[in-house]
Amino acid sequence: MSSRYNHRVAEPKWRERWAAAGIDRALSPEEAGGKPKAYILEMFPYPSGRIHVGHSRNYTMGDVIARFRRANGYNVLHPMGWDAFGLPAENAAMERGIHPKGWTYDNIAAMREQLKLLGLAIDWSREIATCDPAYYRHQQAMFLAFWKKGLVYRKKQKVNWDPVDNTVLANEQVVDGKGWRSGAPVETRELEQWMFKVTAYADDLLDAIGKLDKWPDKVRLMQSNWIGKSQGAKIWWPIAHAPDFLERTPEGQPCHARDPIEVFTTRPDTLFGASFLALAPDHPLTRAIAEHRPEVAAFIAECAQLGTSEADIEKAEKKGVDLGVRVKHPFDPNWELPVYAANFVLSSYGSGAIFGSPAGDQRDLDFANKYKLAFKPVVLPPGADAATHAITDEAFTGDGVCYNSQFLDGLPTKQAIARAIEELVKRGMGEATTQWRLRDWGVSRQRYWGCPIPAIHCAKCGVVPVPEKDLPVTLPEDVTFEKDKPGNPLDRHQTWKNVPCPACGGAAQRETDTLDTFVDSSWYFARFTDPNNQAAPFDPKLARYWLPVDQYVGGVEHAVLHLLYARFFTRAMRDCGYLDLPSGEPFASLFTQGMVVHETYRRIGREVPESNVEIAGDRWLERPTGFSLFRVGDRDTQTYRVVEQWLSPDDVEMREGKAYERGQDIPVTVGPIEKMSKSKKNVVDLDAFVQDFGADVARWFVLSDSPPERDVEWTAGGVKGAWNFVQRVWTLTEAHGRRAPRPGDAPPPEAGEGEALALRQLAHRAIQSVTDDIEHFRFNVAVARCYELVNAVAKLKGDGAGAVFARGEALRILSQLIAPFMPHLAEECWEALGGESFAAAAPWPKADPALAARTTVTMPIQVNGKKRAEIETPKGAAEPDVRAMALQHPAVKAFLEGVTVRKVIVVPDRIVNIVAN
RNA sequence: GCGAGCGUGGCGAAACUGGUAGACGCAGCGGACUUAAAAUCCGUUCGCCCAAAAGGCGGUGCGGGUUCAACUCCCGCCGCUCGCACCA
């Protein structure tokens with residue numbers, strides 16, 4: 001009498017047994033003995049509330065690797081923690097009148113239970129939360145150490161200000177000119193900021209990318225581009241003429257506005273093609289002139305209005321205004337050039353000034369043409385004729401040979417650059433330099449729920465570090481959040497804020513900014529190696545044992561932000577003596593997984609006439625209400641409707657291929673397939689799913705349908721496939737279980753022939769391919785191999801000794817192969833088949849080479865590239881034999897009638913191709 | 001605009017360093033079991049030609065090329081996705 005597999009009983013049972021046996025605990029280096037270590041880590045979650053099946057993919061992938069490594073004899077560290085500081089906690093506090101700490105810890109408690117439902121092989125004894133003073137006290141100590149080492153400094157500078165979140169953002173957190181969380185257009189403010197000197201490692205961060213050979217090329221490229229190294233020259237252009245008012249500041253002090261203007265260029269070889277200088281609208285000289293010249297001030301204002309989005313930039317015309325300043329050419333004091341302010345020059349790159357060489361740069365050319373500035377071409381493209389080559393509308397930006405360039409004439413571009421720099425240095429007009437796109441990391445955030453910056457401001461002593469003995473600087477808990485009181489509650493907290501100066505004892509104030517939460521996640525992987533250490537962030541010996549992380553798994557959205565910061569942090573920790581990690585690289589191997597996506601559903605709202613539709617960027621709004629709209633239908637039938645609300649998949653049912661609200665006749669708009677997210681409601685809650693189908697079905701499905709790096713769409717069909725598989729495996733296993741040969745039994749002679757032998761061979765080949773597929777992150781292919789094996793087991797009928805043995809062996813192998821993917825079902829099967837201890841603790845199966853190896857191969861025979869027949873040959877059959885067999889095959893003979901065989905190509909064990917005509 | 005990746009049945013996808021295209025799953029179709037449904041099991045499923053079978057022809061976005069042989073390599077297009085974006 002067979003029974004259905006009951007995940008509701010089996011799954012909790014095995015989780016309890018694993019926990020009781022402590023099999024997920026990482027061993028100390030001493031306990032591990034000669035075992036190699038494997039540190040497997042998924043990017044830790046922000047405790048936002050609840051987990052949905054979309055989150056589970058990331059953790060499941062890491063878990064497959066962790067379980068696989070453990071079965072292969074590694075000492076595995078697979079921990080979990082919480083990236084627990086951050087803005088959503090404060091927003092929740094404001095909305096609901098609760099404390100961020102309570103909200104965060106409640107979420108952690110709920111999400112921990114949910115993650116445990118998945119049956120992840122995690123060492124929960126190492127759990128950490130970044131908002132725990134036991135964690136962030138070490139972060140504060142490191143901050144002080146970095147400060148001492150010169151890797152932390154303060155700087156008054158223009159910052160990206162998010163007006164919605166009321167805080168500063170790092171450059172990496174500004175996407176398309178908008179805040180990465182709030183989506184609000186970022187404003188510019190001038191603020192005193194705490195900075196991390198990431199640029200101190202710019203060269204190393206860039207060079208070492210070349211050694212990260214187990215990172216996706218895409219991520220490596222993105223990091224290289226972000227660091228953005230350009231080699232070239234600084235050039236100083238002396239002022240020839242300038243308006244008189246530049247002699248003095250508005251206050252009457254002598255000023256430096258007559259200092260030479262510095263520009264950066266990668267192409268000093270084009271200096272003889274220079275036609276003008278252009279300054280950024282907010283270049284100091286532009287602003288100084290704007291004080292006196294209304295048209296310049298107007299131009300600055302106009303530029304400030306211009307958006308920074310793609311569309312704006314594409315449309316924006318190259319525009320400028322003559323500043324009335326003339327400069328001397330560095331190679332010819334008699335050659336004077338005009339200085340413009342121009343809208344296409346960025347103050348944030350280089351020195352915020354360029355020299356325009358129109359023949360060699362499209363923007364410069366557009367600008368010169370608009371303002372009728374004279375120029376000449378100075379780089380001759382390969383193959384062009386110096387007498388006729390001309391530039392009108394299209395610049396030549398490639399390499400060539402210099403002409404019209406005095407002492408540079410005849411030199412190819414690379415040599416000309418070197419020669420030009422040599423001459424600049426000789427004349428004291430410039431020098432070689434390297435320009436980086438990478439900027440230092442501003443870490444000050446004007447928020448409460450973050451790690452306090454351990455510094456005190458004293459009127460007498462300046463900025464003083466908090467003495468180490470006074471750490472941690474803990475967040476005060478008695479703060480209030482009210483919607484009508486914007487700003488940082490730490491600023492308002494008098495008893496916390498006002499403290500004596502550690503240096504002079506006088507009245508002083510604590511720093512009220514907190515650290516960017518990306519600081520918290522920049523070293524958590526090191527903390528996991530020694531999570532309960534009170535005295536230090538971690539024991540360098542333990543860190544040395546476990547680091548680098550052998551396999552890191554996470555979303556590609558962190559390709560620049562988190563991954564770059566973590567690489568900086570390990571270098572800084574190393575140089576401050578915390579960490580013995582010569583490479584400075586935290587993650588040896590990185591895998592960026594695809595998302596789980598799902599259809600979106602929207603309740604259909606009121607129709608809006610097209611005349612009231614306003615297009616705002618990529619969305620539609622209703623005039624004058626400003627309500628968001630969406631479009632229904634195709635081009636001919638399109639109508640606009642108000643977005644009423646997103647509907648959860650649970651509230652939608654399909655009837656005759658159309659979507660309706662559950663139990664009602666209201667049609668539902670099926671929207672695009674998007675990443676599962678709370679805001680679009682297209683999520684499938686994990687608890688409910690595990691209750692209905694089990695964690696194993698969720699795990700199996702998210703890995704089965706698509707390659708792991710690609711998105712996978714959550715569909716009812718996919719769930720069904722996984723569910724069927726679970727039932728099928730269990731039905732076959734249970735039916736076999738009670739007459740199973742025990743593991744290790746010698747095969748009876750009958751197992752060495754016919755179908756029994758074929759199944760044994762297939763099972764052993766499955767071991768080979770699944771092993772290889774897991775190693776190479778081809779989980780979807782591994783899944784397909786398991787299906788093949790199950791199909792073959794089901795197909796083998798009969799109760800003879802050979803069949804029973806082969807089936808028992810195949811099922812036992814199957815239970816082990818599925819163990820990393822579906823650990824609960826694997827245990828249930830393992831037990832039913834008489835296995836000892838746990839499937840999770842059993843060593844990974846080894847393929848018997850004699851069975852896995854192929855003794856015969858099926859070779860296709862082609863005639864003129866078209867397959868005409870197949871032959872069975874022994875593996876490794878000699879070429880003449882194969883050739884003879886092929887030529888004698890009746891089907892082949894028929895095709896060779898009346899033609900001459902010109903050539904016979906035999907690729908051993910693969911294919912035969914006969915060329916004939 | 002620059003850079004990267006991708007394009008294979010109705011759908012998700014396989015195909016090792018060029019060697020039988022479509023493994024495996026979903027959906028579909030036919031059948032068994034059942035009073036019926038669900039579940040399960042068996043068969044079938046790229047298109048076209050042929051009454052069927054055997055067999056043949058075509059087929060991996062489009063157009064060329066290299067090769068005995070191309071989803072795979074090269075050249076030129078088209079489309080989609082992602083990243084960066086006036087970076088001097």
Side-chain angles (χ1 to χ4, degrees), chain A residues 2 4 175-177 216-226 228-230 232 263-267 270 278 280 306 308-310 312-314 316-318 342-346 348-357 360-364 366-367 397 435-437 556-557 559-560 700-701 704-707 709-713 715-722 724-725 727-728 731 769 772 776 778 780-791 794-795 858-870 891 894 902-916:
Chain A
S2 76
R4 288 171 77 77
V175 180
D176 274 345
D217 289 344
K218 182 183 174 167
V219 173
R220 298 201 295 173
L221 190 69
M222 282 166 71
Q223 291 222 353
S224 304
N225 290 342
W226 189 265
K229 182 179 189 175
S230 301
V263 310
F264 170 74
T265 182
T266 54
R267 293 296 298 272
T270 65
L306 212 72
T308 49
S309 77
E310 304 170 34
D312 294 339
I313 287 165
E314 211 130 295
E317 202 184 348
K318 307 284 171 274
N343 63 354
F344 64 94
V345 181
L346 303 174
S348 56
Y349 187 76
S351 57
I354 60 153
F355 80 85
S357 191
D361 184 290
Q362 194 59 45
R363 290 157 308 175
D364 297 349
D366 293 346
F367 191 81
T397 57
Q435 189 63 46
W436 301 91
R437 191 181 172 281
V556 73
E557 67 273 19
V560 177
W700 187 253
F701 172 48
S704 62
D705 263 9
S706 282
E709 67 278 10
R710 225 182 283 179
D711 290 348
V712 63
E713 191 191 347
T715 60
V719 171
K720 185 172 178 268
N724 288 348
F725 181 73
Q727 296 304 333
R728 200 153 183 241
T731 308
S769 50
D772 196 49
H776 293 97
R778 292 189 298 252
N780 55 325
V781 184
V783 162
R785 298 289 164 246
C786 292
Y787 274 108
E788 278 180 343
L789 183 54
V790 171
N791 289 343
K795 214 162 204 150
T858 308
M859 288 177 73
I861 300 164
Q862 297 181 330
V863 177
N864 290 329
K866 286 195 195 302
K867 184 188 147 195
R868 299 300 180 188
E870 278 180 358
R902 302 284 173 199
K903 201 172 174 186
V904 180
I905 292 136
V906 179
V907 183
D909 295 337
R910 295 230 92 127
I911 202 165
V912 180
N913 193 9
I914 299 163
V915 186

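Chain letters run A, B, ... following the sequence lines, proteins first, then strands; residues in each count from 1.
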Touch class at under 4.0 angstrom, heavy-atom based, for A:S348 against every strand present: nothing
Touch class at under 4.0 angstrom, heavy-atom based, for A:K867 against every strand present: base
Touch class at under 4.0 angstrom, heavy-atom based, for A:N225 against every strand present: nothing
Donor on one side chain, acceptor on other, A:N791 and A:R728, under 3.5 Å: yes
A:N724 CG to B:rC41 C1', straight-line distance once rounded to whole Å: 12 Å
A:D909 side, atom CG; A:T858 side, atom OG1 - distance, nearest 0.5 Å: 11.0 Å
Residue A:K866, side-chain atoms from C-beta onward, closest of B:rC57, B:rC86, B:rC41: B:rC57
Inter-nucleotide C1' distance (B:rC42, B:rC33), Å rounded: 11 Å
Donor-acceptor pair present, A:K318 side chain and B:rC86 base, under 3.5 Å: yes
side-chain N/O A:S706 vs B:rA13 OP1/OP2, d < 4.0 Å: yes
Sugar-phosphate, base or nothing in reach of A:F264, heavy atoms under 4.0 Å: base
Sugar-phosphate, base or nothing in reach of A:I905, heavy atoms under 4.0 Å: base
Sugar-phosphate, base or nothing in reach of A:D364, heavy atoms under 4.0 Å: nothing
From A:M859 atom CE to A:E870 atom CD, the distance as rounded to the nearest 0.5 Å: 11.0 Å
Aromatic ring pairing A:F725/A:W700, orientation class (parallel under 30°, perpendicular over 60°, tilted between): parallel
Sugar-phosphate only, base, or nothing, as touched by A:N864 at under 4.0 Å among non-hydrogen atoms: nothing
Sugar-phosphate, base or nothing in reach of A:R710, heavy atoms under 4.0 Å: sugar-phosphate
Residue A:N913, side-chain atoms from C-beta onward, closest of B:rA69, B:rC42, B:rC86: B:rA69
Touch class at under 4.0 angstrom, heavy-atom based, for A:Q435 against every strand present: nothing
Touch class at under 4.0 angstrom, heavy-atom based, for A:K229 against every strand present: nothing
Sugar-phosphate, base or nothing in reach of A:S230, heavy atoms under 4.0 Å: sugar-phosphate
Sugar-phosphate, base or nothing in reach of A:V904, heavy atoms under 4.0 Å: nothing
Residue A:K218, side-chain heavy atoms: nucleotide from B:rC24, B:rC82, B:rU20 that is nearest: B:rC82
Point-to-point distance, once rounded to the nearest 0.5 Å, from CD of A:Q435 to OG1 of A:T265: 11.0 Å
Base-pair map of RNA chain B as dot-bracket, where | denotes pairing with a different strand and pairs are Watson-Crick or G-U under 3.5 Å: (((((((..(((......[....))).(((((.......))))).((((.....))))..(((((..]....))))))))))))....
Sugar-phosphate only, base, or nothing, as touched by A:N791 at under 4.0 Å among non-hydrogen atoms: sugar-phosphate
Nearest listed nucleotide, side chain of A:F344, among B:rC86, B:rC41, B:rG19: B:rC86
Sugar-phosphate, base or nothing in reach of A:R220, heavy atoms under 4.0 Å: nothing
